[in-house]
Structures are given as C-alpha cells and as structure tokens.
Asks: 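Dropping the structure in here first, questions after.
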Amino acid sequence: MLIISLTIIASLFYVLATSHVLSRLFHHQGPSQKVTIILSTVAILAHMLLLVNSVFRADGQDLSIVNVALLTCWIIVLCVTTVSLKFPATLLLPVVYGFAALLTISSLFIPHHDVLLQSINVELALVAHISMSLLAYCILIIATLYGVQFYFIDKRLKRKDLAIVHSHLPPLMVVERQLYQLLNLGTVLLSVALITGFVFLDGMFAKEFIHKTILSLVAWAIFATIAVGHVKRGWRGKVVVVSIMIAAFTLTLAYFGSRFIQEVVLNKF
C-alpha cells in the first residue's frame with residue numbers, strides 16, 4: 001500500500017510540474033521557478049522513497065529492470081532539475097517530468113521479476129563498472145535531450161519565429177555548448193565503464209552478454225566519433241542530433257533491451 005501511495009504522489013506531482021512548465025513554455029518570463037521547484041521536489045522525494053521501499057527488502061536488494069529504470073529516471077530528473085536552477089531548461093523539464101510520471105505510474109502495472117542480491121558485499125570492480133555505466137548512461141541521455149532542444153530552437157530560429165525569440169528558452173549557443181560538454185563527459189565515462197568491464201570482469205563476450213557488449217561498443221563508437229568530429233571538423237546540426245539519438249537508443253537497447261524481454265515480456269506470457 002505504501003508503494004502504491006508513493007507512486008501516485010510522485011506521478012501526480014510530476015504531472016503538475018509538467019503542466020505548469022508547459023503552460024508558460026513560450027511566455028517571456030517563463031514558468032515560475034519557485035512553483036516548478038516545489039512541485040518537482042515533492043515528486044523527486046516521493047520517487048526516492050518509492051525506490052528505497054522497492055529496492056531494499058528484508059530478503060535482499062531487488063534490482064529488477066523496473067527498479068533500475070526508476071533509479072535511472074530519478075537520477076536524470078534530479079540532474080536536470082538541479083541544472084535548471086542555474087541555466088534555463090524550459091524544454092527539458094516537461095520532457096523528463098512527463099516521462100517520469102509515465103514511468104512511475106506504469107511501474108504499478110509492469111510485471112516484476114525479482115532480481116535479488118542477498119548481500120551488498122559484491123566485488124569492488126563490479127560496483128565500479130555498474131556505477132560508471134549507469135552514470136554514463138544518464139549523462140548521455142541528458143546530452144541527447146539537449147541535442148533535441150538544440151534542434152528545436154535552431155529550427156524555430158531559422159523560420160524566424162518571433163515567439164521563440166521572446167520566450168524564456170535558453171540561447172542557442174548556450175545549449176550547444178552544454179550539449180557537447182555533456183557528450184564529452186558521458187563518452188569519457190562510458191569509455192571508463194567499458195574498460196573496467198573488459199579488465200576486471202569475465203565473460204564480456206559470453207553468449208548471454210555479447211549482445212550487450214557489442215551494442216555498447218557501437219553506441220560508444222558513435223558518441224566518440226561525434227565528439228571528435230565536433231572538435232576537429234566542427235560537426236553540428238541535424239545529422240549530429242539524429243546520430244546522438246541513434247547512439248542513445250542503441251545504448252538503451254544494450255542496457256535494458258534483453259532484460260525487458262526476459263523480465264517483462266516472457267514473464268508476462
């Protein structure tokens with residue numbers, strides 16, 4: 001009952017925060033930061049308590065795909081909300097809050113396949129690999145959102161849309177700079193995650209893990225190529241944004257694809 005209540009509270013306040021930001025998306029003063037922070041803070045705290053009660057159980061830690069997805073979503077929401085305190089993130093906030101609302105409420109209906117760790121005393125190398133992978137994924141997803149925001153603003157400016165000129169949306173060059181900063185950081189962290197996996201873990205190319213390894217390497221290659229291409233040749237624009245989205249989708253398949261099939265689809269049927 002507690003989990004259901006926390007899920008409803010988190011989803012409700014995510015929806016309220018999304019609605020507030022969207023209602024003043026193109027207003028010259030933008031959404032009220034105070035109202036946005038109050039609504040999002042309640043949602044984030046309820047989301048955090050939901051995670052604590054879902055993951056930490058008397059018989060171990062439940063790291064099912066639903067809980068991992070909720071954790072990843074929470075990290076992304078927390079990061080974007082924190083960034084919005086200093087830099088305008090008017091386009092990003094409704095996207096992450098809206099997705100968080102859908103994910104939290106959907107978690108009540110998605111079949112759970114418990115994945116229990118009986119002890120938290122796991123190898124340091126494994127902890128480092130998992131932590132670095134999760135952090136890299138979150139940062140690269142945020143970079144992807146910045147890429148979408150950059151493309152949206154750039155397209156509206158090229159159409160000479162006066163509404164966007166007088167809106168509260170961030171300057172295009174600021175968005176672009178933050179996009180490539182996040183892309184570079186995420187690519188470095190993903191590189192470290194892959195290196196720690198190859199050096200310290202066995203079975204990266206085992207039958208049950210080879211698809212994850214290959215997809216992760218493909219995503220890393222795309223991210224790294226874009227990062228280097230931007231520095232060396234000044235790559236930017238629609239092709240870069242689409243490539244980043246493809247890489248992010250590939251990395252998502254690597255992290256969650258097989259687990260979703262095994263824990264949700266097969267478990268349901």
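This is a predicted model, so every value here is computed, not measured. Atom set for the values below is all heavy atoms of this structure, side chains included, hydrogens, waters and symmetry mates excluded.
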Asks: Given the rule in the side-chain contact (heavy atoms from CB on, under 4.5 Å) test, do Met245 and Val241 qualify, once you have shown the distances and angles that lead to the verdict?
Replies: CA-CA 6 Å; Met245 293 175 65; Val241 173; 4.2 Å; yes
Asks: With the side chain counted from C-beta on, respond yes when Phe256 and Val68 share a heavy-atom pair under 4.5 Å apart, and no when they do not.
Replies: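 The answer is yes, as the side chains (C-beta and beyond) meet within the 4.5 Å cut-off.
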Asks: Given side-chain contact (heavy atoms from CB on, under 4.5 Å), test Ser32 with Arg24 step by step and report yes or no.
Replies: CA-CA 8 Å; Ser32 168; Arg24 296 176 63 85; 5.6 Å; no
Asks: Where the side chain of Trp220 meets the backbone of Leu190, is there a donor-acceptor pair that is under 3.5 Å apart?
Replies: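 No.
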Asks: When clusters are formed by joining ILVMFWY residues with side-chain heavy atoms under 4.5 Å apart, either directly or through shared neighbours, do Leu39 and Ile37 land in the same one?
Replies: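 Shared cluster, no.
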Asks: Any heavy-atom pair between the side chains of Leu92 and Ser84 that's under 4.5 Å?
Replies: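 No, too far: nothing below the 4.5 Å cut-off.
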Asks: When you compare the side chain of Thr225 with that of Trp235, does any pair of heavy atoms fall below 4.5 Å?
Replies: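 Trp235 reaches Thr225 side chain to side chain.
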Asks: Quick one: closest heavy-atom pair of Thr36 and Pro31, and the distance?
Replies: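 Looking at all heavy atoms of both residues, the closest pair is OG1-CB, 4.0 Å.
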Asks: Are Val192 and Val228 connected in the hydrophobic side-chain network, where two residues link if heavy atoms are under 4.5 Å apart?
Replies: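 No, separate clusters.
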Asks: Measuring from Ser107:OG to Ile105:CD1, what's the distance to the nearest 0.5 Å?
Replies: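 Going from OG on Ser107 over to CD1 on Ile105, the span is 7.0 Å.
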Asks: With no hydrogens and no angle check, is any side-chain donor or acceptor of Thr81 less than 3.5 Å from a backbone partner on Leu78?
Replies: no
Asks: Taking atom CG of Asn184 and atom CZ of Phe223, what is their separation to the nearest 0.5 Å?
Replies: 11.5 Å
Asks: Which distance, rounded to the nearest 0.5 Å, do you find between the CG of Asn67 and the OG of Ser54?
Replies: 5.0 Å
Asks: Are Leu183 and Val231 connected into the same hydrophobic cluster when the rule is that any two of I, L, V, M, F, W, Y join if their side-chain heavy atoms are below 4.5 Å apart?
Replies: no
Asks: Any donor-acceptor pair under 3.5 Å linking the side chain of His230 with the backbone of Val240?
Replies: no
Asks: Is a side-chain donor or acceptor of Ser11 paired with a backbone partner of Thr104 at a separation under 3.5 angstrom?
Replies: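 Not confirmed, Ser11 side chain does not pair with Thr104 backbone.
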Asks: Rounded to the nearest 0.5 Å, how far does CD of Gln33 lie from OG of Ser40?
Replies: 9.5 Å
Asks: Taking all non-hydrogen atoms of both residues, which atom of Ala247 and which atom of Ile222 are closest, and how far apart?
Replies: CB-CG2, 3.6 Å
Asks: Table please: side-chain donor-acceptor pairs of residues 133-150 below 3.5 Å, with sequence neighbours left out.
Replies:
from: Ser133; atom 1: OG; to: His129; atom 2: O; distance (Å): 2.7
from: Tyr137; atom 1: OH; to: Thr252; atom 2: OG1; distance (Å): 2.8
from: Thr144; atom 1: OG1; to: Leu140; atom 2: O; distance (Å): 2.8
from: Tyr146; atom 1: OH; to: Gln178; atom 2: OE1; distance (Å): 3.4

Asks: Leu251 vs Ser216, test: side-chain contact (heavy atoms from CB on, under 4.5 Å). Steps then yes/no.
Replies: CA-CA 6 Å; Leu251 194 61; Ser216 296; 4.3 Å; yes
Asks: Tell me whether Phe249 at atom CZ has more than 12 heavy atoms from other residues, nucleotides or ligands lying less than 6.0 Å away.
Replies: no
Asks: Step by step, work out the side-chain contact (heavy atoms from CB on, under 4.5 Å) result for Val242 and Tyr151.
Replies: CA-CA 9 Å; Val242 172; Tyr151 176 70; over 6 Å; no
Asks: Treating Ile, Leu, Val, Met, Phe, Trp and Tyr as nodes and any side-chain heavy-atom pair under 4.5 angstrom as an edge, say whether Ile214 and Tyr255 lie in one connected cluster.
Replies: yes
Asks: What about Ile38 and Leu12, same hydrophobic cluster or not, with Ile/Leu/Val/Met/Phe/Trp/Tyr joined at side-chain heavy-atom distances under 4.5 Å?
Replies: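 Different clusters: Ile38 never reaches Leu12 through Ile, Leu, Val, Met, Phe, Trp or Tyr contacts under 4.5 Å.
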Asks: For the CG atom of Leu71 and the NE2 atom of His47, what is their distance to the nearest 0.5 Å?
Replies: 8.0 Å
Asks: Can you give me the closest heavy-atom contact between Ala46 and Ile9, atom names plus distance?
Replies: CB-CG2, 3.8 Å
Asks: About how many Å separate CE of Met48 and CG of Leu50, when rounded to the nearest 0.5 Å?
Replies: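 The distance works out to 11.0 Å.
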